[in-house]
Each structure stands twice: as C-alpha cells, then as structure tokens.
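Some notes on the structure that comes next.
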Amino acid sequence: SPVGDAERGELGLGAVPGRQDAFRQGLAAAVQYARAVRCPRIHLMAGRVPRGSERAEVAAQMEATFIENLRHAADVLAQEDMVGLLEPINSRVTDPRYFLTTPHQAAAILEKVGRPNLKLQLDLFHCQIMDGNLSRNLETYLPLIGHIQIAQVPGRHEPDSPGELNFPYLFELLESLGYTGYVGCEYAPRGDTVEGLGWLRSYWESRGLQHGATTKAAE
C-alpha cells in the first residue's frame, strides 16, 4: 500500500491517527495495481510513530487506528479474493520509528482484527535483529504466515554471504513445516543479480533438483 507523503517522512499510513481517509484511498489504488498484475497479496504498511511522540504514549491510539484500518482493508480485499499482509520492520537498525516491529506484536493485532484474509509477512532479516529464535518463531507463527522474505544479517545481502543466518537449515525447516508459500528475496545484491543467485542453484542441487527446474520447484 502507498507510503503516504514521503517528504513528510511517512512510511505507510495504516496505524497513523488522522490519516484514515488517505489510507483508504491508497488501498483502493493498491488494489487496482494488484488486480492489473494479478498479485493476490498486498503489504499493508503500518507507518511510523509521529515525530516528537514517544512510542509508549501513542501505542494504544496507533494500534486502535491500525485495527480499524485493517478491518476495512480485509472487507475490501475479500471482495477481490486478495490477502493483506502485515510486515514487522526492525526498529534497531532499519527504522527506529516504525510502529510494527515484531511478529509477536503483529500476531496480537491479527488476533484482535480477527479476519482470515489478513496474514503475517515475516522477513527473517527483521525478525533475527529484533528477536532471533527463528526456528521457534517459524514454528509458532507458521499458521499466520502469508509470505516470507529473506536477507542475510547484518549486511542484508544474499543468503550465502557472510552473516548470522544458516539459510540451508532454515529452508529445510520451512519444508519440514509444510510451508508452501513464496519466499521473497528482499536483499541488496553484492554484485550482479543473476550471478548472486548462485546460492539458489546450490540449494536446488543439494535437494536433488536441476538448474532452471520447474516453476513449482523454484517456488
């Protein structure tokens, strides 16, 4: 969904009090784009804690605003057979003012909203920075997960770049848990994009698949 007024420092409007009308207009535009490109999932961005405000002071109001907007979004998306996604973004490195920061917070909000077509967009980069414990978090939140994104920590590069995460283990864990959704590669390539996909070819080989295997295998 649209970020709002970037010049004012907005990064999403879902949880920003007073911006409900702009959120709804942005959602309508996002649905048009999603319909045109046949994408059934839309990331509903929460937005940032307003400048000059303490997170703790505005948390309740921002959550109430987010819940209100998410219920509206769920109704709109249900008419299109689409899913809305909530992505926690880490506040330690990437964005100190982003409202939605952990899968625990997102899961609690999803429970309060109570709509089956809203899911968790779990970016393992953000999750590792905020909480770690990835194996248990994947097991715990798998029923809520509608999309997964990956990047190595701390550099946010390819999964086989130096860093904290053991991606072959995590991929096999996802398979063993029965995850059948997409894994989005939201990382900054260190060089050429295609050459940087060597990690994927290596993983396919380790699982007995050939390069350029079927789309099903790639997914």
Side-chain angles (χ1 to χ4, degrees), residues 1-31 33-34 41-77 82-115 117-134 137 140-141 144-149 151 153-156 184 186-188:
S1 57
V3 299
D5 189 341
E7 292 185 0
R8 292 172 51 188
E10 292 181 332
L11 189 66
L13 302 173
V16 181
R19 299 284 277 147
Q20 287 92 327
D21 288 344
F23 172 82
R24 295 185 179 202
Q25 293 171 9
L27 174 66
V31 166
Y33 282 111
R41 295 172 178 84
I42 295 177
H43 172 199
L44 304 171
M45 300 193 73
R48 290 171 167 152
V49 173
R51 291 188 185 278
S53 300
E54 293 293 331
R55 182 181 295 270
E57 294 176 353
V58 299
Q61 184 183 13
M62 292 190 71
E63 180 176 293
T65 300
F66 204 17
I67 290 172
E68 173 191 341
N69 281 330
L70 289 174
R71 286 176 176 158
H72 168 80
D75 291 342
V76 172
L77 295 176
M82 293 179 181
V83 172
L85 299 170
L86 280 63
E87 181 188 13
I89 296 176
N90 82 80
S91 59
R92 291 177 174 165
V93 177
T94 301
D95 198 314
R97 290 173 43 231
Y98 201 73
F99 172 69
L100 190 67
T101 61
T102 69
H104 323 300
Q105 181 189 8
I109 290 173
L110 286 170
E111 183 177 3
K112 292 177 182 178
V113 175
R115 300 297 177 87
N117 65 331
L118 298 181
K119 297 287 185 178
L120 173 63
Q121 179 170 311
L122 189 65
D123 189 317
L124 299 186
F125 174 83
H126 296 304
C127 188
Q128 170 69 4
I129 291 173
M130 291 300 292
D131 191 61
N133 197 28
L134 294 184
N137 279 327
T140 299
Y141 296 115
L144 296 178
I145 293 174
H147 187 67
I148 287 177
Q149 294 179 166
V153 178
R156 208 169 188 177
E186 193 175 71
Y187 57 74

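Computed from a prediction, not measured in an experiment: that's the story for all the values here.
- Here the straight-line distance linking atom CG of Leu120 with atom SG of Cys127 works out to 8.5 Å at 0.5 Å rounding.
- Residues Pro2 and Leu27 share a closest heavy-atom pair of CD-N, 4.4 Å.
- Within the model, atoms CZ of Phe125 and OG1 of Thr94 stand 4.5 Å from one another, a figure rounded to the nearest 0.5 Å.
- The structure places CG of Asp131 at 12.0 Å from CG of Asn90, a figure rounded to the nearest 0.5 Å.
- At least one donor-acceptor pair closer than 3.5 Å links the side chain of Ser1 to the backbone N or O of His43.
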Could you pull out every donor-acceptor pair under 3.5 Å between side chains of residues 57-66 and any protein atom, sequence neighbours left out?
unit_1, atom_1, unit_2, atom_2, d
Glu63, OE2, Lys112, NZ, 2.5
Thr65, OG1, Gln61, O, 3.0

For His104 and Tyr141, what are the C-alpha separation, side-chain angles and deciding distance, and is it a ring-ring contact (aromatic ring centres under 6.0 Å, His included)?
-> CA-CA 9 Å; His104 323 300; Tyr141 296 115; 5.7 Å; yes
If you look only at distance, which donor and acceptor atoms sit under 3.5 Å apart when one is on a side chain in residues 9-16 and the other is two or more places apart or in another chain?
unit_1, atom_1, unit_2, atom_2, d
Glu10, OE1, Asp5, N, 2.6
Glu10, OE1, Arg19, NH2, 2.8
Glu10, OE2, Arg19, NE, 3.0
Glu10, OE2, Arg19, NH2, 3.4

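- Arg41 contributes a side-chain N or O that, together with a main-chain N or O of Gly146, makes up a donor-acceptor pair within less than 3.5 Å.
- Here the side chains of Glu186 and Asp123 are in contact, with some heavy-atom distance below 4.5 Å.
- Under the 4.5 Å side-chain criterion, counting only non-hydrogen atoms from C-beta, Ile42 is in contact with Met82.
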Begin with the C-alpha distance, continue with both residues' side-chain angles, and end with the deciding distance and a verdict on side chain to side chain contact (heavy atoms under 4.5 Å, CB included) for Leu70 and Ile67.
-> CA-CA 5 Å; Leu70 289 174; Ile67 290 172; 5.5 Å; no
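- The backbone N or O of Thr101 lies less than 3.5 Å from a partner atom in the side chain of Gln105, making a donor-acceptor pair.
- In terms of modelled atom types and a separation under 3.5 Å, the side chain of Arg92 and the main chain of Met130 share a donor-acceptor contact.
- When atom types are taken as modelled, the side chain of Asn137 and the backbone of Asn133 share a donor-acceptor pair closer than 3.5 angstrom.
- Annotation: the span from Leu100 atom CG to Leu44 atom CG amounts to 11.0 Å, rounded to 0.5 Å.
- Contact check for Pro103 versus His126: no side-chain heavy atoms found under the 4.5 Å cut-off.
- Using a distance-only test at 3.5 Å, with no hydrogens or angles considered, a donor-acceptor pair links the side chain of Gln20 to the main chain of Gly18.
- Using a 4.5 Å heavy-atom cutoff, the side chains of Ile109 and Leu118 are not in contact.
- Panel note: side chain Tyr187, backbone Gln149; no donor-acceptor pair is recorded below 3.5 Å.
- Under a 3.5 Å cut-off, the side chain of Arg48 and the backbone N or O of Pro96 do not form any donor-acceptor pair.
- Contact detail for Met45 and Val3: the closest heavy-atom pair is SD-CG1, 4.0 Å.
- The minimum heavy-atom distance linking Val83 with Leu77 is given by the pair C-CD1, 3.9 Å.
- Distance CG/Leu85 to CD1/Ile145: 11.0 Å, rounded to 0.5 Å.
- Judged by distance alone, the side chain of His147 and the main-chain N or O of Gln121 form no donor-acceptor pair under 3.5 Å.
- Of the possible donor and acceptor atoms, one in the side chain of Asn117 sits under 3.5 Å from a partner among the backbone N and O of Ala74.
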